[in-house]
Amino acid sequence: MIELTPLPRKDPEGATFDVIEEESEPDANGDAPTEEDDSSDPLAPTSDTEADCEGSSGHEASEPLCQKCPKCSPTCVAISSGLVSMVLVCVVVIMAFHLGAVHYCIFGHTRIFRDTDDSNRGVFEDLSPNEYKSVRDYMFETSKIGLVPITKAFPNQSYIYLIDLHIPLKTSVLEHLDRGSVRLKRVAKVVVIRGNLESPRVEEYLVSPLPVPKSHRLARNPLYARYPVPYTSRPMDQVDYRFVYPIISQFTKEIYHILMDSYGLCYHNCTKGINCMLFRDTAPSGLESGDRITWFRAYRDVDGYFLHPLGLEIQIDHKSTDISDWMIERIMYNGHLIYTVSDFIERYNTGQIKKVSLLRPVGRPEDLYSSYHRRGTSEMPHPLRPPRLMEPDGNRFTITNQHVQYMHWDLDVRMRPSTGLQIFDVRFQGERLAYEISLQDAVVFSSGYGPAQMISNLYLASWMIGASSFELVRGVDCPDTASFLDLHHFVNSDEPMLYRKSVCVFEQDPGIPLRRHYEDDLRNGYRRYGGLVDYHLVVRHIATIQSSDYIFDYIFHLNGEIQLRVSLTGYVQATYDVPFESPYGNPLYFGVAGNVLQTLFHFKTDLDIRRVENRFAILEIKKETQRHPWYPGLNKTQFRLKKHSLLREMDLVVGDFPYPNYYLLFDENPTNQYGTHRSYRIINEGVTPFLLDDVNITNAANWVKYPVIVTKYDDTEDHSSSIYAQNDPWDPVVDFERFVNDNDTIVNEDLVIWAAVGIYHVPSTEDVPSTSTSSQSRSLRLVPYNFFTEDPSVSSPNTVQIIPDGEDIKVNMFGTSDDVSCAPQSLGPQTFYGYRADD
């Protein structure tokens, strides 16, 4: 644990300051030296001749004062002492002025309170480290299924891969939240890899009650289309890697002369920072259900290695539970496909394959094209500090355990290790708007000619989006003013791991009004002005999976709008530019290509508008031409609205998603005071055509076909994907198509909105060293539509109203002070730690 010393800050009860005095080193005689005249000190004498009784400042306190005044008298001494006293008073006043003039802004209302009593944890709160350990220990001691620690496990043994919180049924949770009449027991889900069975498989157990488990049961999830879960569909874990990488190491030893000749690199006996290479896997592991054969690509081990593919790829078969059966099946070198190591060596030595010549890039390491090190001509000869967010009164939100309160908003957050943040029980002005808002999965479908690039199609939940959300850097990933949450995960480990600062919460000033109007008086003046800044709260985490970074923002606006935003950055998943690669992308460097890909995110929004029984409607904006009612003989062409409510799930099909339709979830009764239905509008700003809907690799992502779809809530349809999608997408464990094909009624039912937000990306040289978020962001918005009688942000005291008053103006800020007498605190990137550890 790193210990940080906070910067001084303004205390609302009064500022206090610690004065640190530097100790002087003694001279040769052991005495402290006297202070010399310092020209930087404004109180020091300007010359030796002025250092008499009248000008003595008391700096040379080690000398008797009268030694510099040979004609000393009692009067001289008295006057000198008086001057000294006056100067000291001035010094104290000046120091007090300077110290008092710079106050650090206070932290405000934020409280990140953790109840250490596990028996009092809320229904949505993540498992505590003690709960994780108690579940693990219980399973080892009581389950009797032959568990061994994952760090010592072989593929033919049973081990725990994941432990996570199991959320109770929605009806029970609502009964607990709204009436408090049901005390819900906390339950953990345990994913166990059963390699020791005659027919290996993956099993899931439910363990309860927490914090002291007393029972467990093997659970058959009704959501799953396949049972038992196939052993080959399990995520890649440390057991796989522990026995795969020795195969790679042995392979590189055998081809050592090829590696040195081609790249000047080696793997098994290299010098870090000089001549090392590394191998990284891609997915899925195979071409059909039941496969477990994985491609590993070689890279130069330098800063930003993803942009340094070497044109060497190997495919390893690791399907068997017996590691002696694991073997290299294919080798790709410079566009040549070889099936055995011995054949590769022979063909290389005899010149039957074209040799690669990729020696180390010329130049200093910091000038490497893939490096984040600053290079090029600076736009500022002398660096100036950038703008920073400032909160004069500190944070205006509170965090208690995992509950966040901001203005009229209340919500609970938790981090699911597979899919990331889940936002529960979202309320505005005390009224519940949503039971759950969460990401379900994300997919990256790539293209290319090389074998590893061609097969690369990622299902990110299988790579653990939540458990891949690492520490955030203050002042870069999140503002200095943010509050951070430390979380724990039990994934691919024997112990719960502490993830420091993996979620941040902050209020943002985006520099744009939420509302404003300037009213012209048509006489070179104005009648009035009114405006309000679009202040909003952001809950953020950033997942890093393979080469890419995914920024997930859950944003809560003052007008009752909820925005779900995803932003893409990180390195391009570059490929070696073999022949026939050019139709799929662009060269990024010599021998390096970046190919077209599509990234899609699937969100679940379980909105409850006033109650759980809601309806869904499409408000069509159509064109009409009619006879002009006010000008006989003329026609008028204009827009016309037509609203029709959907009756069943399949009434909203893929072809029904043209713009500019409005998609509305509403409460049928009662209406608002004007007779219109209280509704929320769903706006998908990331609608992208999906071109691979008839390709079997996308079977586990059937949700991509539906930019927006509504289904009846079903406890057995709580997730649209699973952690098993990556390695068996051809015959998926969870098939979203089943959610829609049952064609349930959606009239006055508990409804769930599912939305697929996507983006295409054709990498270019401007993606070097990494992709910019500025053009790689998309949002899903949940916007009130006749839900309120007026914009609820009118209650904000941050509203500004200006009206003319003769030659003066009257500015009404409704009690909010615009006086700022503090400086923003800056902790900055220096607080970064970067490591995860056992708790």
Side-chain angles (χ1 to χ4, degrees), residues 221-227 229-230 233 235 283-291 418-419 438-447 455-463 465 566 597-606 616 646 648-657 663 682 684 686-744 746 751-760 778 780:
N221 195 331
L223 170 68
Y224 294 170
R226 300 181 66 186
Y227 189 85
V229 177
S233 68
S285 295
L287 296 173
E288 61 183 10
S289 183
D291 280 350
S418 57
T419 61
S438 62
L439 180 71
Q440 298 294 294
D441 204 347
V443 293
V444 183
F445 295 122
S446 304
S447 297
I455 203 173
S456 179
N457 295 282
L458 302 182
Y459 287 77
L460 300 189
S462 300
W463 296 83
I465 297 171
V566 293
L597 55 86
Q598 184 180 21
T599 306
L600 298 111
F601 304 85
H602 201 218
F603 288 99
K604 173 185 179 181
T605 58
D606 183 0
F616 189 82
L646 278 59
R648 292 192 171 275
E649 292 173 336
M650 295 187 71
D651 289 352
L652 181 61
V653 296
V654 179
D656 291 337
F657 206 84
Y663 296 87
I682 295 88
N684 187 347
V687 176
T688 55
F690 185 66
L691 307 178
L692 305 176
D693 57 346
D694 58 347
V695 181
N696 64 357
I697 194 70
T698 69
N699 289 348
N702 282 323
W703 46 265
V704 298
K705 298 184 292 187
Y706 305 101
V708 171
I709 193 74
V710 57
T711 64
K712 177 183 175 181
Y713 180 88
D714 189 328
D715 286 316
T716 66
E717 297 176 353
D718 57 341
H719 305 319
S720 65
S721 187
S722 76
I723 63 174
Y724 313 112
Q726 178 64 87
N727 288 319
D728 201 342
W730 310 278
D731 188 7
V733 171
V734 175
D735 183 3
F736 182 74
E737 202 78 71
R738 300 170 65 200
F739 293 25
V740 181
N741 288 343
D742 57 12
N743 203 24
D744 283 330
I746 54 174
L751 302 182
V752 179
I753 307 297
W754 310 85
V757 178
I759 184 170
Y760 279 101
R778 298 292 185 271
L780 175 70

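None of these values were measured; they are calculated from a predicted model.
In plain terms, the two heavy atoms of Leu780 and Val757 that are nearest each other are CB-CG2, 4.0 Å. Across all their heavy atoms, Pro284 and Ile455 have their closest contact at CD-O, 3.2 Å. Shortest non-hydrogen contact noted between Tyr760 and Phe690 is OH-CA, 4.2 Å. Between Ala755 and Asn684, the shortest heavy-atom contact is CB-ND2, 4.3 Å. Annotation for Ile723 and Ser462: closest pair O-OG, 2.8 Å, computed over non-hydrogen atoms. Closest approach of Ala725 and Ala700 over heavy atoms only: CB-CB, 3.9 Å.
Ion pair Lys705/Glu737 flagged as a salt bridge, since at least one NZ, NE, NH1 or NH2 atom sits closer than 4.0 Å to an Asp/Glu carboxylate oxygen.
The backbone N or O of Val733 sits nowhere less than 3.5 Å from a side-chain atom of Ser722 that would complete a donor-acceptor pair. Gln726 places a side-chain N or O within donor-acceptor distance of the main-chain N or O of Asn457, the cut-off being under 3.5 Å. A donor-acceptor pair is defined here as one N or O able to donate and one able to accept, closer than 3.5 Å; such a pair exists between the side chain of Asp291 and the backbone of Glu288. Between the side chain of Glu649 and the main chain of Lys712, a donor-acceptor pair closer than 3.5 Å is present.
For the residue pair Thr711/Glu717, the side-chain donor-acceptor check at 3.5 Å is not satisfied. Between the side chains of Asn702 and Asp735, a donor-acceptor pair is found at a separation under 3.5 Å. Side-chain contact of Asp731 with Ser289: a donor-acceptor pair under 3.5 Å is absent, judged by distance alone.
For the pair Gln440/Trp703, no side-chain contact is recorded, criterion being any heavy-atom separation below 4.5 Å from C-beta on. Residues Arg778 and Thr688 are not in side-chain contact: their nearest non-hydrogen atoms beyond the backbone lie 4.5 Å or more apart. Inter-residue side-chain proximity for Val704 and Asp693 is flagged as unmet; no heavy-atom pair is nearer than 4.5 Å. Counting heavy atoms from C-beta outward, Phe616 and Asp651 have side chains that stay 4.5 Å or more apart. Looking only at side-chain heavy atoms (C-beta outward), Leu597 and Phe445 stay at 4.5 Å or farther from each other. Looking at Leu652 and Tyr663, their side chains come closer than 4.5 Å, going by heavy atoms from C-beta outward.
For the atom pair OH (Tyr224) and OH (Tyr724), the distance works out to 4.5 Å, reported to the nearest 0.5 Å. Rounding to the nearest 0.5 angstrom, the gap separating the OG1 atom in Thr419 from the CG atom in Asp441 is 8.0 Å.
The side chain to side chain donor-acceptor pair (under 3.5 Å) search around Ser720 returns His602, not counting sequence neighbours. Partners of Lys604 by side chain to side chain donor-acceptor pair (under 3.5 Å), not counting sequence neighbours, listed by chain and number: Glu436.
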